[in-house]
Amino acid sequence: MTQAFSELSLAEPLARAIAEMGFSAMTPIQAQAIPVVLQGRDVMGAAQTGTGKTAAFSLPLLQRMLKHENASTSPARHPVRALVLLPTRELADQVAQQIALYAKHTQLRSTVVFGGMDMKPQTAELKKGVEILVATPGRLLDHIEAKNCVLNQVEYVVLDEADRMLDIGFLPDLQRILSYLPKQRTTLLFSATFSSEIKRLAGSYLQDPVTIEVARSNATASTIEQRFYRVDEDDKRQALKQLLLEKGVKQAFVFLNSKLGCARMARALERDGLNAVALHGDKSQDERLKALDAFKKGEVDLLICTDVAARGLDIKDVPAVFNLDIPFNAEDYVHRIGRTGRAGASGIAISFVTGRDVKQLAEIEKLIGKKTEVESLLLGSDQSRFGGAPSGRQNDGQRLWSDPQARAEVRSERPTRIRAPRASSDPFFDQPYQPPATDARPAWEGNAQPASARGLSPYIKSRKKVAALFRPMAPAAVESSTEAAS
DNA sequence: AAAAAAC
């Protein structure tokens with residue numbers, strides 16, 4: 001019982017824009033949220049990522065703005081009537097572009113303001129007057145305080161990624177912004193994840209809200225295959241390269257927890273001959289937008305990013321997400337893997353687990369309501385560069401942590417040694433990638449090296465059991481995946 | 001163990 005946009009009797013300019021964009025059937029969040037927003041109710045909406053939330057709030061807002069003239073008389077001909085707030089600049093940019101497309105055939109004007117860019121062009125746009133303003137909090141406050149925009153006629157506020165907007169880092173800015181807005185207004189909150197705490201807090205910003213939950217909140221899309229591999233800190237890059245080949249992945253988001261880690265990983269992968277670019281908050285905004293744009297166009301294969309890219313970014317057909325680090329917040333796991341498997345497409349999410357991530361993994365299991373199985377990964381020697389002769393063996397799905405004893409051992413493992421940052425003398429920066437000196441022979445063939453040096457998890461007890469689970473990679477499969485990856 | 005958002 002999918003409903004069509006045509007059943008909504010939207011204003012002609014909106015219907016035309018939708019048709020031009022090739023949309024006909026509504027997604028569940030759209031089918032449920034649009035009628036409610038059209039009634040002017042406050043909404044708290046939870047829906048999986050990639051299910052069309054932006055259209056779910058922007059279309060009915062535009063419709064209402066077209067149907068209802070702003071009642072108050074304004075000195076500006078185009079007072080801001082709708083304000084959309086987002087937690088990252090790239091996301092603000094993306095949502096603004098989408099709204100502009102929906103509003104294309106209307107007289108309604110929209111613009112976006114975010115930090116890291118020159119104030120002047122933004123100010124000029126604001127002074128011309130816009131009905132719809134998309135923004136990140138900090139820069140918006142700058143504009144408000146510089147009196148570049150007046151928000152006392154705002155009728156609609158949207159907090160997208162609402163749980164993030166309401167978290168401790170954003171809340172002070174958000175409260176200040178809200179203090180500039182009329183009390184009488186419609187407020188819409190949307191996110192894929194809502195913790196119960198945030199839900200309660202959110203309630204205090206809403207008046208008699210309608211709660212819309214199209215899937216259990218915090219759920220991950222069933223179109224995303226989720227896998228977890230036990231990988232030592234030092235083996236992560238090698239494991240990434242190997243899995244890219246094995247899975248035949250052409251393009252992927254690669255998440256790390258730190259900006260420095262991203263910068264290093266991107267450089268190292270580039271040196272290995274991969275087409276990788278970093279995206280994190282220490283880059284200039286210009287670089288950030290360029291990196292994202294190149295990834296969108298498919299000019300870049302691997303986007304090595306922090307959680308700046310975890311939420312909302314909508315890039316078509318990215319087949320894979322790698323979590324080289326397990327995110328600090330379980331919610332961010334849900335958002336990160338939501339960068340793949342969008343709009344019903346399939347995707348794979350691969351996460352690397354070290355000994356100290358066990359607790360966090362449990363949090364993720366709790367949040368997504370699924371048990372995870374951590375597999376071990378036998379790393380090949382990789383004598384060649386990426387795209388050359390593949391490694392000799394691959395893991396064929398060994399379930400490691402289903403064994404309670406192994407799990408207990410993992411818990412007690414000492415934390416991985418962390419290399420201190422050392423400017424340009426850091427060998428990680430300056431030396432070409434050295435493949436591991438060992439071959440890929442497994443431990444049971446009498447290799448004297450400690451198991452961890454070969455990427456074999458040190459807590460494997462039964463060699464026989466393990467041997468049965470590993471088998472050489474079939475040559476045919478290797479070739480096809482190599483081709484696909486190049 | 002961090003990142004994000006203003007200059």
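We use all heavy atoms of the structure for the numbers below, so side chains are in, but hydrogens, waters and symmetry mates are not. Here is how names work: the chains are called A, B, and so on, in the same order as the sequence lines, proteins then strands, and each is numbered from 1.
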Indicate, with a heavy-atom threshold strictly under 4.0 Å, whether Gly281(A) touches base, sugar-phosphate, or nothing. sugar-phosphate
Whole-Å distance separating the CZ atom of Arg311(A) from the P atom of dA5(B): 13 Å
Under 4.0 Å: is that the gap between some side-chain N or O of Arg89(A) and OP1 or OP2 of dA4(B)? no
What integer distance in Å separates Leu324(A):CG from dA1(B):C1'? 16 Å
Within the 4.0 Å heavy-atom criterion, would you say Asn329(A) contacts the bases, only the backbone, or no part of the nucleic acid? base
Against the side chain of Phe170(A), the closest entry in dA6(B), dA2(B), dA5(B) is dA5(B)
Quick check, are the ring centers of Phe190(A) and Phe57(A) under 6.0 angstrom apart? yes
Test applied, side chain to side chain contact (heavy atoms under 4.5 Å, CB included); reference residue, Val37(A); option that passes from Val158(A), Thr186(A), Leu61(A): Leu61(A)
Between atom CG in Asp307(A) and atom P in dA2(B), what is the gap in whole Å? 13 Å
Would you mind classifying the nucleic acid contact of Arg288(A) as base, sugar-phosphate or nothing, using non-hydrogen atoms under 4.0 angstrom? sugar-phosphate
Atom pair distance, as rounded to whole Å: CG in Asp93(A) and P in dA5(B): 12 Å
What is the separation between atom NE2 on His280(A) and atom P on dA2(B), rounded to the nearest whole Å? 15 Å
Counterpart residues, side chain to side chain donor-acceptor pair (under 3.5 Å), relative to Thr123(A) (two or more places apart): Asn148(A)
If I take atom CZ in residue Phe255(A) and atom P in nucleotide dA3(B), what distance separates them, rounded to the nearest angstrom? 14 Å
Grab the CG-C1' distance between Leu256(A) and dA2(B) for me, whole Å please. 12 Å
Selection residues 118-130 of chain A - residue pairs positive for salt bridge (charged side-chain N to carboxylate O under 4.0 Å, His left out), sequence neighbours left out: Glu125(A)-Lys128(A)
Is a side-chain donor or acceptor of Glu131(A) paired with a backbone partner of Ser110(A) at a separation under 3.5 angstrom? no
Distance, rounded to the nearest Å, where Lys259(A) contributes NZ and dA4(B) contributes C1': 8 Å
What nucleotide, of dA5(B), dA4(B), dA2(B), holds the atom closest to the side chain of Thr136(A)? dA5(B)
Base, sugar-phosphate alone, or nothing: which one does Asp142(A) contact when heavy atoms must sit under 4.0 Å apart? base
